[in-house]
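Some notes on the structure that comes next.
Keep in mind that what you see is a predicted model, and the values were worked out from it rather than measured.
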Amino acid sequence: MIDNLGLVILPFVALIFLLGGALLLRGATSRIGGLCVVAGAALFLAAELYGVFTLRPYLGRFFDPQWPTQVATVEIGATLGLLLCAVGLVVHAFKNPR
């Protein structure tokens, strides 16, 4: 149950990051941080959508020998996307002090 909830919620989290990055691009004097957030959110969203549509561990897909490798690939992509979002937020904070 919790795994299915994670499969559904995480793409929405990625969309929120994407929206936040778009808002940073609109209002910032320096757009580098916003671009990093948008790129990270896009990577995070792509990894999570791959996980939802391809892996589907508890939604009727049979387990095969490649499944652990595919899960690791999704996790690596999502983690790198979130790391890029964090870097973008730090860059934005340092470029736009108020």
Worksheet item: At what distance, to the nearest 0.5 angstrom, does CG of L10 lie from CG of L45?
Response: 10.5 Å
Worksheet entry | Results of side chain to side chain contact (heavy atoms under 4.5 Å, CB included) for L82 - residues two or more places apart only | F17, F44
Discussion item. Would you compute the distance between atom CD of E75 and atom CD of E48 and round it to the nearest 0.5 angstrom?
Written reply: 6.5 Å
Item to complete: Is it possible for you to say whether Y50 and L80 belong to one hydrophobic cluster, with membership spreading through side-chain heavy-atom contacts below 4.5 Å?
Response: no
Item to complete: Check G77 against A47 and note the closest heavy-atom contact, atom names and distance.
Response: C-CB, 3.8 Å
Discussion item. I need the minimum non-hydrogen distance between A41 and C85, along with the two atoms involved.
Written reply: N-SG, 3.4 Å
Discussion item. Test question: given the 4.5 Å side-chain rule for I, L, V, M, F, W and Y, name all other residues clustered with V91, or answer none.
Written reply: I32, V87
Worksheet item: Of the options L23, L89, L18, which is the one that meets V37 in a side-chain contact (heavy atoms from CB on, under 4.5 Å)?
Response: L89
Item to complete: Please check if L83 and V13 belong to a single hydrophobic cluster, counting links between Ile, Leu, Val, Met, Phe, Trp and Tyr side chain heavy atoms closer than 4.5 Å.
Response: no
Item to complete: Flag yes if L84 and L35 sit in one hydrophobic cluster, no otherwise; membership is Ile, Leu, Val, Met, Phe, Trp, Tyr, and two members link when side-chain heavy atoms are under 4.5 Å apart.
Response: no
Worksheet item: Given the rule that I, L, V, M, F, W and Y join up when any side-chain heavy atoms are under 4.5 Å apart, are L15 and L43 in one cluster?
Response: no
Discussion item. For C36 versus G88, what's the shortest heavy-atom pair and its separation?
Written reply: CB-CA, 3.4 Å
Discussion item. Tell me every residue that passes side chain to side chain contact (heavy atoms under 4.5 Å, CB included) with I16, counting only those two or more places apart in sequence or in another chain.
Written reply: none
